[in-house]
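What's counted below: heavy atoms across the whole structure, side chains too, no hydrogens, waters or symmetry copies. Owing to the predicted nature of the structure, the values given are computational and were not obtained by experimental measurement.
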Amino acid sequence: MNNYYQQTQYPYHTTYTNNSPIFEQAWRMGVTGAVIGGASATTRSILKYRADKREASEIARNTAREAASTGAASMVGSIAVSTTKTSGLLATVLFVSATIGAKFLIDGIVSKKITE
């Protein structure tokens, strides 16, 4: 058991509370976002590949780029919620808006670098 878990004794069972740092939580959220973004990009790319509109190497690059940018944007949203210590509807709105803003920013930077 690492130091991030705090043991609490109850009369009939033992529970553990997760006291992990902000960046560990952000990393987990980033991995989750990368998996979801990669799966979404793969699905879209396969449909275009079946219609003979894309090459296989282009699908791989697009999937990797989408997974990385979605994961990074999810990390930004997670850090925004964790540092402000919000909860409930406000945390959801903050997470969504920070994630969307970061995704647009990352995609804008990446698309400029690719076209140059």
Side-chain angles (χ1 to χ4, degrees):
M1 194 66 55
N2 61 22
N3 293 333
Y4 299 129
Y5 291 92
Q6 187 175 45
Q7 186 175 6
T8 306
Q9 292 288 335
Y10 286 104
Y12 302 109
H13 64 280
T14 303
T15 61
Y16 294 95
T17 306
N18 186 354
N19 293 326
S20 61
I22 291 172
F23 293 110
E24 184 179 338
Q25 292 174 357
W27 174 254
R28 290 177 183 162
M29 196 65 180
V31 170
T32 304
V35 169
I36 293 169
S40 173
T42 302
T43 304
R44 280 184 273 130
S45 296
I46 287 173
L47 293 174
K48 290 182 181 179
Y49 179 75
R50 286 184 179 167
D52 294 331
K53 295 181 181 176
R54 288 209 171 163
E55 296 288 324
S57 61
E58 185 182 352
I59 289 173
R61 280 194 309 269
N62 183 42
T63 301
R65 182 174 56 240
E66 283 295 317
S69 64
T70 306
S74 297
M75 288 177 78
V76 169
S78 178
I79 290 171
V81 171
S82 296
T83 56
T84 57
K85 305 237 186 261
T86 57
S87 62
L89 182 61
L90 182 61
T92 304
V93 170
L94 178 62
F95 176 77
V96 169
S97 59
T99 303
I100 290 172
K103 178 78 169 121
F104 275 118
L105 181 66
I106 292 167
D107 285 347
I109 291 169
V110 169
S111 67
K112 281 183 184 178
K113 298 227 182 234
I114 290 173
T115 57
E116 289 178 349

Peer 1: Let me confirm one number: the CD1-OG1 distance from Ile106 to Thr99, rounded to the nearest 0.5 Å.
Peer 2: 9.5 Å
Peer 1: With rounding to the nearest 0.5 angstrom, report the NZ to CD1 distance, Lys48 to Ile46.
Peer 2: 13.0 Å
Peer 1: Under the side-chain contact (heavy atoms from CB on, under 4.5 Å) test, which residues partner Thr84, sequence neighbours left out?
Peer 2: Thr86, Leu94
Peer 1: Return the set of residues passing side-chain hydrogen bond (donor to acceptor under 3.5 Å, both in side chains) with Thr42 (not counting sequence neighbours), or none when no residue passes.
Peer 2: none
Peer 1: When you group the ILVMFWY residues by side-chain heavy-atom contacts below 4.5 Å and let the links chain together, are Val96 and Phe104 in the same group?
Peer 2: yes
Peer 1: Met29 and Ser74: which non-hydrogen atoms are nearest, and at how many Å?
Peer 2: O-CB, 3.6 Å
Peer 1: Nearest 0.5 angstrom please: Phe95 CZ to Ile79 CD1, how far?
Peer 2: 11.0 Å
Peer 1: At what distance, to the nearest 0.5 angstrom, does CG of Leu90 lie from NZ of Lys85?
Peer 2: 14.5 Å
Peer 1: Please find the pair of heavy atoms, one from Val76 and one from Ala98, that lie closest to each other, and give the distance.
Peer 2: CG1-O, 4.2 Å
Peer 1: Say you draw a straight line from CG of Leu105 to NZ of Lys103; how long is it, rounded to the nearest 0.5 Å?
Peer 2: 11.0 Å
Peer 1: Can you find a side-chain donor-acceptor pair between Ser40 and Arg44 that sits under 3.5 Å?
Peer 2: yes
Peer 1: Between atom CH2 of Trp27 and atom OG1 of Thr32, what is the distance when rounded to the nearest 0.5 Å?
Peer 2: 11.0 Å
Peer 1: Write down the atom of Thr70, the atom of Gly33, and the distance for their closest heavy-atom approach.
Peer 2: CG2-O, 3.2 Å
Peer 1: For Ala26 and Ser78, work out which heavy atoms get closest and say how close.
Peer 2: CA-OG, 3.6 Å
